[in-house]
Structures are given as C-alpha cells and as structure tokens.
Amino acid sequence: MAKSKNNSNTKKLSYISVPSQIINSLSSSSLQSLLVSPKKSSRSKSCSRYLSWLSNYRSPNFWVFFLFLFGFLGMLKLGFHIDRLIPYSPYPCSTTQLRDLVPNGYFKSQMGFGSNAENSHQVEVLSESQPLISSGVLESEVGIELNSGKVGEEVEGSEFWKQPDGLGYRPCLDLTQEYKRASEGIVKDRTKYLIVVVSGGMNQQRNQIVDAVVIARILGAALVVPILQVNVIWGDESEFSDIFDLEHFKEVLADDVRIVSSLPSTHIMTRPVEEKRTPLHASPNWIRSRYHKRIKREGVLLLRGLDSRLSKDLPSDLQKLRCKVAFHALRFAPPILGIGNKLAERMRSKGPYLALHLRMEKDVWVRTGCLPGLTREYDEIVNNERKQRPELLTGRSNMTYHERKLAGLCPLNAVEVTRLLKALGAPKSARIYWAGGQPFGGKEALQPLIKEFPHFYNKEDLTLPGELEPFANKASVMAAIDYIVSENSDVFMPSHGGNMGHAMQGHRAYAGHKKFITPNKRHMLPYFLNSFLPEAEFNRIIKELHRDSIGQPDLRRSRVGKDVTKYPIPECMCNDTNTHPYL
C-alpha cells in the first residue's frame, strides 16, 4: 500500500516539442516567466473574463502550448499557404479583383482586354482616371460611387449597356470605275465654281454642306468653302474653319471635288448667278438641266437655302460620296476635338455612360405645338407666344396639343425620359451626359432625371474653370462639343427627332452600330397615361416596344426617301468579307 501511495504522489513530467525558431526568438526574461506557476482558472468564463485570465494568470503549460501552436501554424502557412483555406480574405478589395473588373462593373470581356497578357495595360487604364480625380473634376462624386455602388446594381445594369448585333456590317465605299474616270476631269477643271450659303444650327449646316459637295460633283464644279450664315437666334458668327478641320476636308475629298478657300482672280469680279428657289428633293437630272448651262456660261453659281433640297434617292456613287463627306471629311477643328474628347474621357473614366439629347428649350415647345408640362404658368407662357407668333408652328396647326402628344409629335419631358430609361433597365448608378440647350424652366425642369439618376452632367459640369471660355457665345461650337461626347457614348437616346438625332443615328450605325435608342413615342405614351398598370408589367411592355429600336442594322431600301447618312446600309456599309472598307 505504501508503495502504491508513493507512486501516486510521484510527480509526472510531460514534454512538448517546440520549434527551435521560437525558442531562439524568446529572451531569457521570457523563458524565466514561463517557469512561474500561476493559479489555474476556470475555462467556462465569458470572453472578457477569459482575456482577464490571460493577463492575471500565467501557466507555463498554457504558454508552451500556445507558442507551439503559433509556431506550428506559422510553418504550416509557409509550407502550404494556409490563407487559401481561410474562407474570408484579409484583403476585401484585392488587386486581382480590381484587375478583373474595371470601374462601374465593366467586365474585361466587354472592354476587349485579354485575361492574362494585358494585365499591365488594365492597370494603366485604371490609373488614367486618377489625374481627373486629383485635379478636382468630379471629385465629389468619387466618394459617392465608391461607397454606395453595389455589385447587384452593376450586374443588373449590364443588360442596358449591351450593344446590338451589327451583323458584321462595316463601312464600304468602293466607287465604280465610271465615277473614278470622271473624277480626273472634274478635279482638274478651273472654269466652274459653286458658292453655297448654309444656315441653321450646326447639325443643319452639316447636312447642307454634305449636299453642297454632292451638287458640286453633279455640276463638275469646284466648291468654294461653304459660307456659314450668321445664326439669327444665337448670333453665332463662326466660320467654316472655326468648326471644321478645313485642311482635312480638302484632303479627304481631293479625288472627288476640288475644294478652294476662295474664288481665283480670274473669277473674283464675276457676278455669280444666284438661285434661291431650288425645289425640295431635286434630282441630279434636275440639277444639271437647271444649273449646268448657267454655271458654264457665268463661271460662278451661288446657292442658298439647301436644307433638304437635294433628293435622298441618288445613284450609288453619289450616296457613297454623301457618306464620305458626313463620316470622314467633316471632322471638327482640333480645338473642338480636343475639348470634346477630353470631356468624353472624363465621362468614361469610371465606366460606360449614356448620352441624352434633350429637346426642352422654350422655342422647341413653341415650334412643336406642345407644352412642357411643368406648371400651368409655364404652359401659358408657351401658349401665349405661339398665339403671338403663329408662323413659328412647324406644321399640322389643326391638331390640338393632346392629339400631337398621342401621335408622338412632342418631345419627351424629364418625367417621361426618366420612366423610359428605368423601364429599359438603366441602373440608378448610370452616368448620364445630357446635350442640348438650357431647358425651359431651368434646373427645375430636370429634377425628375437628377433625382433618379444623380450622376447627371453636361459640359459645364465636366469642365474646369476657363476650359469653355474660348468657345463662349458660339452656339455651333457648343453643339459640336455635345456631338463629340454623344458620339463617344456607349448608349445614345434623343428625347425628340431632329438633325442632331438623325446625324447621331447614322454616325453610330457607321461606327459599328453602337446602341441608339429610338423612343417609340406613339405606341408607348398610352401606357404612360395608364396609372393602374403595375410597374413590372409597364417595364415589360416598354422593353418589348423597343426590342427593335436600339440601333440594329436597318436597310435604307425599306425606307424610301430617307437620308443615307441616317441609314447607311446598303450603299455605304456591307458585310461581304471580300469588299474593301474605306479607310
């Protein structure tokens, strides 16, 4: 029994293997502290009492075990990368995630980036936006987007940014041999000169310049650089070279029409034959029979008011010439191109953006016979001005406002644009650039849009102090800047028809059928007026109405009398791989 008792009282020793790296890292004082034998404490305490136990009691067995566990985990991490086994990453915004996604949920596949080979380029793309932020441009919105942006919103909105199927159509401006043979004599001719005076806003002037080049070709005459008539409404005195790149214009058209800056000395004293009565939709045969003998006899022909005067249905070569002028020759002047591209880059610095062309100016409401719908006071102002100047009404004066509205003849107001965009799936985080003049009613008229889409900008919002100063009081130049930013957008939508919308539709089609939303006003407005329609059903109907109105290829042959610069297929675009696109 005594022996048994002695055995039971004998103190048993236990040994734990500790890595030498840990032993060497401990100081002598640390080792000495391990020899102290503190009292034990219960392990069933709460978290706070457990921490207190660690600070008040020092068990050598516990600390040896703790150091062993620490060393074991350290070696395991080095040998097997244990952090891959941990479900939560210590870096919630890792660099690999940033490289996989560019700002605003734009995926690498959508941007055309490779998966591995171009990682360095992706980083460069992301870093390019930094100077914009540090310079103060859009700085206030950066915090909002980074803090409030939600992945769910980005993914849901990705459908809205999806581009239509272009069916492989590309620019194709191959001219016939007959056209090329005739060009040799036309560009060498020094006897006939055409002078044209173009009027209206910038986009209206563009259309007339296109027609002027084609008419000069029909007559075999040299074209004097078009004269831009001073705009009565805006008082813009810009000249051709203030808006367009003159040397580029001459160079691109050198094989089609000779462009001269002024009349030569042999014709400077010639009194030009002036024609003010060119009929609508004049054919090439009418142009030749009417003007050819006169310009050959006098040497100089002056034409005014060319808006929509030349027929839209021309021989194939002349249609291609139209596209060549509109999409290649009429490039904006370098200063305008510079500021326009800069604003487009600022809009794109955090992903895709939508451009809206809003037609909400006072004169638009007056001319269309429609009402802004802000308040009764604003509607009365428009009605009174229309009564005082009935000549401003563009047409169909026998229709009431409500009849015009239901017929789809009125511009969409801010409430309607907002509802349409939401129904089509535009995310709340969408960045929107709005082009156009100041709306009647000021900022109040835009409040529905601003409230629903807070990232809502125009050129004044995007520029630094003084950047727009060189272009002050030049409405045509401001319109050109809007055109550049709009053409570079991922999605474009006009609130109403008009020259800007038509030009943009053709330009975006020619650039590869970039998404262009054409509001189906006549069919959708009855649903806008139905307040009992559930939102989900309303959205479904609106999407269905616009399924074929997002910029898909549309053949001009199915639209007799339509401009080829709006519908460039098939005269100016083809999807035959054996053809050679114009570069």
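Hydrogens, waters and symmetry mates are skipped; everything else that's a heavy atom, side chains included, is used.
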Does the ring of Tyr483 carry Arg206 above it, NZ/CZ under 6.0 angstrom from centre and within 45° of its axis?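 That pair qualifies as a cation-pi contact.
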May I ask you to establish whether Arg419 and Phe528 are in a cation-pi arrangement, using a distance under 6.0 Å from NZ or CZ to the six-membered ring centre and at most 45° from the ring axis?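 Yes, Arg419 sits over the ring of Phe528.
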Between the side chains of [X] and [Y], is a donor N or O closer than 3.5 angstrom to an acceptor N or O?
| X | Y | result |
| --- | --- | --- |
| His496 | Lys521 | yes |
| Ser549 | Asn520 | no |
| Thr565 | Tyr510 | no |
| Asn207 | Asn499 | yes |
| Asp313 | Ser311 | no |
| Ser183 | Arg217 | yes |
| Ser261 | Lys250 | yes |
| Asn488 | Tyr353 | no |

Determine yes or no for a side-chain-to-main-chain donor-acceptor pair under 3.5 angstrom, with [X] supplying the side chain and [Y] the backbone.
| X | Y | answer |
| --- | --- | --- |
| Arg359 | Pro411 | no |
| Gln552 | Ile550 | yes |
| Gln208 | Ser199 | yes |

Gap between atom [atom2] of [Y] and atom [atom1] of [X] - 0.5 Å precision:
| X | Y | atom1 | atom2 | result |
| --- | --- | --- | --- | --- |
| Met504 | His357 | CE | NE2 | 8.5 Å |
| Ser476 | Ile243 | OG | CD1 | 4.0 Å |
| Lys422 | Leu420 | NZ | CG | 12.0 Å |
| Gln438 | Lys443 | CD | NZ | 10.5 Å |
| Glu251 | Leu246 | CD | CG | 11.5 Å |

Run the salt-bridge test on [X] and [Y] with the 4.0 Å N-O cut-off and return the result as yes or no.
| X | Y | result |
| --- | --- | --- |
| Lys474 | Asp236 | no |
| Lys342 | Glu467 | yes |
| Asp490 | Arg348 | yes |
| Arg309 | Glu275 | no |

Using side chain to side chain contact (heavy atoms under 4.5 Å, CB included) as the criterion, point out the one residue from Asn413, Val364, Asp379 that pairs with Pro372.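 Only match with Pro372 under side chain to side chain contact (heavy atoms under 4.5 Å, CB included): Asp379.
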Measure the shortest side-chain to side-chain distance between Arg376 and Leu371 over non-hydrogen atoms and say whether it is less than 4.5 angstrom.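 Side-chain contact under 4.5 Å: no.
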Under the side chain to side chain donor-acceptor pair (under 3.5 Å) rule, what do Asp482 and Tyr433 come out as? Steps first, then yes or no, please. CA-CA 9 Å; Asp482 279 344; Tyr433 178 89; 2.5 Å; yes
Please name the residue in the list Phe249, Phe244, Phe240 that meets the ring pair (Phe, Tyr, Trp, His ring centres under 6.0 Å) test with Phe332.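 That would be Phe244; it is the only one of Phe249, Phe244, Phe240 passing the ring pair (Phe, Tyr, Trp, His ring centres under 6.0 Å) with Phe332.
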From CA spacing to verdict: salt bridge (Lys or Arg N to Asp or Glu O under 4.0 Å), Arg322, Glu571: CA-CA 10 Å; Arg322 251 184 173 151; Glu571 290 91 346; over 6 Å; no
Under-2.5 Å SG separation for cysteines Cys410, Cys370: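 Correct, these two cysteines form a disulfide.
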Proximity of Phe516 and Phe492 rings by center, below 6.0 Å: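 Between Phe516 and Phe492, the centre distance is under 6.0 Å.
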